[in-house]
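Given the structure is predicted, the values throughout are model-derived calculations rather than measurements. Each residue takes its place number in the sequence, starting with 1.
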Amino acid sequence: MSALAHWCVRHRRIVISSWFLVAVGLVAAVVLGGTAFTTSSDMPDSESSKAYALLAQMPSSGSSGKIGKIVWHSTAGPVTSAAVKTEVTAVLDEVAKQAGVVKVVSPYTVAASGDTAYAQVVVSSDADVAPIEKVVTGAEVDGVTFTYGGDAFQEQISSSNGSSEILGLIAALVLLMLMFRAWRAALLPLITGVVGVLVSLLLVMVGSHVVTLSSTSITMAAMMGLAVGIDYALFVVNRTRKGLLAGKTVPDAIARAIDTSGRAVIFAGLTVIVALIGIRVVGLGVLTGMGEAAAVTVAVTVAAALTLLPALLGAFGLKVLSKKQRARLAQGVVEEHAPRLAGKWAALVQRVPWLVAPLALAAVVLLAIPVLQMRVGDSDASSDPATSATHRYYAMSSAAFGDGFDNPLMIAASTPDAPSRAAFTALATELKSVTGVATVTPVAKSADGTVQSVTIIPKSSAQAEATTTLIETLHGDVIPAAEAGTTMKAYVGGSAATTQDLSDALLGRLPLYLGIIAVLGFLLLAIAFRSLLVPLVGALSNITSILAGLGAITAVFQFGWGSGLLGVGSGAPITYIVPVLIVGIVFGLSMDYQVFLVSRIHEEWTHGRDNKRAVRVGVTETGRVIATAALIMLGVFASFAFDGERIVAAIGLGLASAVFIDAFLVRLTLIPALMTMIGKANWYYPCWAEKITPHLAVEGTPEPEPEPHAAPAVSETVLQA
């Protein structure tokens, strides 16, 4: 590792130019070839997917595209009055003229109540609905209020406009300036992280032509890459500065940093990559793609920390120190860095570890308790902010047509013979008396009658527990009873049913995913630190941090505690994609902090075999860096929490909460207290395991600390170089 660092410092122009050329080449490839992102849920065995497969065999309605609805409410008389009908028809005619509109179905033959009606608008899949929305919102009809909603007008999770990232980077720069007191040192982690993320995202875009990736993979890759990229560079820069302040030359300080913190970066990055690739066990195609894209980003940011960063450090030289530090170094004064606050905290934890450990653990468990009641599903317009267009649409339509107006469920069945067709007819009749069903449409059939379907309008909205209960009743009672003694096979489809299938699949496999990453984390830490208890405590504590983060989003986004402050509306189920992302990213970040903390503790342990001193030194020397890294990530993730989009805000808040809890309650409090109480048993490792375990020196080659008086003076000429 030190040889690599020396080479990068000597050939820094080549290294920096190479990264630049790679970025330019990837930009050219993306510009010329574009991207090939696709979306796949990859759930062929789900109930809803089988329903859709059968529905595809039904005659086409001739309306290809997305369907939305325009709803209006009249206070000037019935919606069927001549005056209202004439003016509303003029608005709908204007909608029909907009580009991308396939057709507008007459509202007065679809549905109407005394003062409310709606029209169906079919638009092409790639249509821009903004002009349609402008016509509807700009319509001026006396006594009539318009709104719109449905699939065609559903807001998609948009790519960030960059404002959240910019605010997060500004916050990171401020924290780094406060830590290093040198603007060049503060910029280096940001430069390294941003370059690593930029190159990796371009690589993911190019890779979308080779493997199946969703466009949402970019979001997770960017978030994960920025998080670990800044963290990794921060630890290397900090260790380099310590070497310089101890009297080392620039190349030797960089080499030692890469040989110690750089090795920890590789190890931490490897564990994160394994965890992200492990998302594959969840079995959801879109999440698998996200995990793979994020794993690529982590790998690239590790490479940037090991090559680009040493080159930049070599270019800046001693200027990564503050002017005051350089002046003292020029006089031959070597500084021994021992952060006062971190040292005092380490001493306090070790003074009463038997009290600190239970308190820290109790706090984490308390914060995680809400996760026991977490409901995984999709939110609907009923939980959107009251001032939003989507909520106004829900309020107007549900008041007139019921809460389940925009929540149809389809039952599709294979009916290969006469008895099965008769059974489906009986099923359609029985559905009208099932609790929770508002209306049932007439039965539709394929040309040969071998496939039949019926649409149910529930009494409840998509996110309501009553809808979940209805779907479970259909799956568990109604449909099996109808199928008994026949060849009919019926399945439930619809957006709410699809969401429930995805949620059930996730909740069924998430414990497996947690178990896999916990075991992998244990094995990797055991190999690195030749210990059983240290990796066991680390793996279990990682899970507690993850559960605490999930508890935070459950409390805010499901229970609705303070959700209004984030501008995301009231409480609703947690979207299925959020828990998996929280698990993957938080595991990565907590593993990073564990590796950097314990590697320093283990380095000190190998020197003196004094466990208590090793823990104290490890916390003292890494505490400020871990705290700064966590605060940087807190700022970055918290900025996403105020994005205004529920999914993005949930991910941001969950990550911000988990990182804060992990860094301050777990890594810097619980772990040191437990390691102090355990004592030398921390480093027990069976002889048989020692024989079969490969040797990995995460903390680098042991090196005696230089004597303060032996440090060479640094000339002013060198300082100015």
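With hydrogens and angles ignored, the 3.5 Å screen pairs no side-chain donor or acceptor of Y148 with any backbone N or O of T390. The backbone N or O of T450 sits less than 3.5 Å from a side-chain atom of T415, completing a donor-acceptor pair. Side-chain atoms of Q452 never come within 3.5 Å of backbone atoms of A413 as a donor-acceptor pair (strictly under, hydrogens ignored). Remark: the backbone N or O of S48 is paired with a side-chain donor or acceptor of D501 at under 3.5 angstrom. Side chain of R646 to backbone of V568: a donor-acceptor contact under 3.5 angstrom is found. Side-chain N or O atoms of S460 include one that pairs as donor or acceptor with a backbone N or O of T467 at under 3.5 Å. Listed for the Q558 side chain is a donor-acceptor partner under 3.5 Å among the backbone atoms of Q373. For H391 (side chain) and G569 (main-chain N/O), no donor-acceptor pair under 3.5 Å exists by modelled atom type. At distances below 3.5 Å, not a single donor-acceptor pair connects side-chain atoms of E94 with backbone N or O atoms of A90. A donor-acceptor pair under 3.5 Å is absent between the side-chain atoms of R392 and the main chain of A386, judged by distance alone.
Relative ring orientation between F405 and Y118 is described as perpendicular, the plane-to-plane angle rising above 60° on a 0-90° scale split at 30° and 60°.
Heavy atoms from other residues, nucleotides or ligands lying under 6.0 Å from CD of E472 number more than 12.
Pairs passing the salt bridge (charged side-chain N to carboxylate O under 4.0 Å, His left out) check and including a residue from residues 272-297, sequence neighbours excluded, read R280-E292.
The side chain to side chain donor-acceptor pair (under 3.5 Å) check on H73 picks up T116, with sequence neighbours excluded.
Side-chain contact check for N542 and S545: no donor-acceptor pair (N or O, by modelled atom type) lies under 3.5 Å.
The two residues L655 and I582 make their nearest non-hydrogen contact at N-CD1, 3.8 Å.
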